[in-house]
Amino acid sequence: MAGRTDYISWDEYFMGVALLSGLRSKDPSTQVGACIVNSQNKIVGAGYNGLPMGCSDEDFPWEKTGDFLQTKYPYVCHAELNAILNNIGMDLTGCRIYTALFPCNECSKAIIQSGIKEVIFLSDKYDGTHVSIASKRMLDTAKVSYRKVEAKRGHIQLSFDEKDV
Ligand SMILES: Nc1nc(=O)n([C@H]2C[C@H](O)[C@@H](COP(=O)(O)O)O2)cc1CO
Ligand SMILES: [Zn+2]
């Protein structure tokens, strides 16, 4: 019997893990997930956007507009930073990071400082904003490459029905 040929690619697998991680996010507007992979294609970290540990969702806002201190922006920890901080205790030098959204300037600082060498993103919807321009300037200067994920399929479906296994 021949082996399957429609198995998912590494890019689809790791972006899939990033997207699945994003489903843990409590942000009502934007759920972002990230997954860090080493040169042997082993997952060494994953994360999603959320409040720092001990900061309860009941006490902090998820608003996008209004008084800055009453919005989510000063408090939320981005998916990429969480994936770096959640890593399994490895040196991340030479790793790559899969992220649903292109990293902001603050996360790019952490990406560069951790030694990650490649960013693979799904959406670059904030391209052209100051945050994105600064982010790309630092990544370019630090020689961290970035590219859009290559996916042959539009979606992946998961079933929790035991009959589907
Ligand atoms: N790369 C990113 N990783 C992230 O985890 N985020 C998070 C921060 C916020 O919780 C949300 C973006 O907020 P907004 O698109 O609704 O306003 O996604 C945002 C970006 C965009 O730079
Ligand atoms: Zn960020």
Side-chain angles (χ1 to χ4, degrees), residues 10-38 43-88 90-151 154-156:
W10 286 122
D11 258 18
E12 290 166 339
Y13 176 37
F14 297 128
M15 189 56 81
V17 171
L19 292 170
L20 196 60
S21 304
L23 297 183
R24 286 274 316 151
S25 175
K26 292 177 185 145
D27 188 326
S29 342
T30 311
Q31 300 82 41
V32 186
C35 171
I36 302 174
V37 180
N38 71 11
I43 296 171
V44 297
Y48 53 89
N49 54 326
L51 291 169
M53 281 190 291
C55 297
S56 151
D57 291 274
E58 278 129 56
D59 301 333
F60 288 84
W62 282 113
E63 306 307 317
K64 284 168 72 103
T65 54
D67 174 19
F68 183 62
L69 291 178
Q70 298 307 323
T71 69
K72 62 185 173 180
Y73 298 109
Y75 311 112
V76 71
C77 191
H78 288 192
E80 302 92 316
L81 184 60
N82 270 333
I84 291 169
L85 297 172
N86 289 345
N87 89 76
I88 58 171
M90 288 198 36
D91 181 0
L92 301 182
T93 301
C95 286
R96 56 195 203 275
I97 187 165
Y98 287 80
T99 176
L101 249 187
F102 197 94
C104 74
N105 59 316
E106 293 298 332
C107 287
S108 282
K109 293 175 196 175
I111 287 168
I112 293 165
Q113 293 302 72
S114 69
I116 290 172
K117 279 289 165 246
E118 187 179 20
V119 173
I120 300 108
F121 59 91
L122 180 60
S123 164
D124 192 12
K125 67 176 177 180
Y126 293 119
D127 185 36
T129 61
H130 284 165
V131 161
S132 187
I133 291 168
S135 179
K136 284 167 183 156
R137 180 179 177 182
M138 287 186 284
L139 293 172
D140 289 340
T141 307
K143 297 198 166 36
V144 175
S145 62
Y146 45 87
R147 64 176 173 85
K148 188 171 161 63
V149 70
E150 283 170 30
H155 67 273
I156 292 172

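Each ligand, and each atom within it, is numbered from 1 in the order the structure gives. For clarity, every value in this text was computed on a predicted model and none was experimentally measured.
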Starting from [atom], find the nearest protein heavy-atom neighbour and note its residue, name and distance.
atom	value
atom 21 (C) of ligand 1	Leu101 CD1, 3.6 Å
atom 12 (C) of ligand 1	Thr30 CB, 3.8 Å
atom 2 (C) of ligand 1	Glu80 OE2, 3.5 Å
atom 5 (O) of ligand 1	Ala79 N, 2.9 Å
atom 15 (O) of ligand 1	Tyr126 OH, 2.3 Å
atom 17 (O) of ligand 1	Tyr73 OH, 2.4 Å

Aromatic ring pairing Phe14/Tyr98, orientation class (parallel under 30°, perpendicular over 60°, tilted between):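 Phe14 vs Tyr98 ring planes: tilted.
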Check the angle between the aromatic planes of Tyr146 and Phe102 and answer parallel, tilted or perpendicular using the 30° and 60° thresholds.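 Taking Phe102 first and then Tyr146, their aromatic rings stand perpendicular (interplane angle over 60°).
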If you count the atoms of ligand 1 from 1 in the order shown, which ones are under 4.0 Å from a heavy atom of Cys104?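 Those of ligand 1 that fall under 4.0 Å from Cys104 are 1 (N), 22 (O).
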Polar contacts were defined as any N/O atom of the residue lying under 3.5 Å from an N/O atom of the ligand; does this apply to [X] and ligand 1?
X	result
Thr99	no
Lys125	no
Val32	no

Can you confirm whether [X] sits close enough to [Y] that some side-chain heavy atom of one is under 4.5 Å from a side-chain heavy atom of the other?
X	Y	value
Glu106	Leu81	no
Trp62	Asp57	yes
Gln31	Leu23	no
Tyr13	Val37	no

Which single N/O/S atom of His78 lies at minimum distance from the Zn ion (ligand 2)?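 The closest N, O or S atom of His78 to the Zn ion (ligand 2) is ND1.
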Within reach of ligand 1, part of [X] (heavy-atom separation under 4.0 Å):
X	value
Phe102	backbone
Ser29	side chain
Asp27	side chain

Looking at Ser135 and Pro103, would you say the former's side chain and the latter's main chain have a donor-acceptor pair under 3.5 Å?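 Side chain of Ser135 to backbone of Pro103: a pair is present.
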Could you give me the CA-CA distance, side-chain angles and deciding distance for Phe60 and Val76, then say whether side-chain contact (heavy atoms from CB on, under 4.5 Å) is met? CA-CA 9 Å; Phe60 288 84; Val76 71; over 6 Å; no
Out of Val119, Asn49, Leu51, who gets a non-hydrogen atom closest to atom 18 (O) of ligand 1?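 Residue with the shortest heavy-atom distance to the ligand atom: Asn49.
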Nearest non-hydrogen atom to atom 13 (O) of ligand 1 belongs to which of Lys64, Lys72, Glu106?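 When every heavy atom of Lys64, Lys72, Glu106 is considered, Lys72 comes closest to atom 13 (O) of ligand 1.
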Spacing of Lys72 atom NZ and Asn49 atom CG [to the nearest 0.5 Å]: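 Answer for the NZ-CG pair, Lys72 versus Asn49, is 7.5 Å.
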Assess the side chains of Asp91 and Thr93: does a donor N or O sit below 3.5 Å from an acceptor N or O?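 Yes, Thr93 and Asp91 have a side-chain donor paired with an acceptor closer than 3.5 Å.
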Hey, does Pro103 sit under 4.0 Å from ligand 1 if you only count heavy atoms?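 It does; at least one heavy atom falls under 4.0 Å.
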May I have the step-by-step check of side-chain contact (heavy atoms from CB on, under 4.5 Å) for Asp11 and Arg147, ending in yes or no? CA-CA 11 Å; Asp11 258 18; Arg147 64 176 173 85; 2.7 Å; yes
Quick one: angle Cys107 SG - the Zn ion (ligand 2) - Cys104 SG, to the nearest 10°?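 Vertex the Zn ion (ligand 2), arms to SG of Cys107 and SG of Cys104: 120°.
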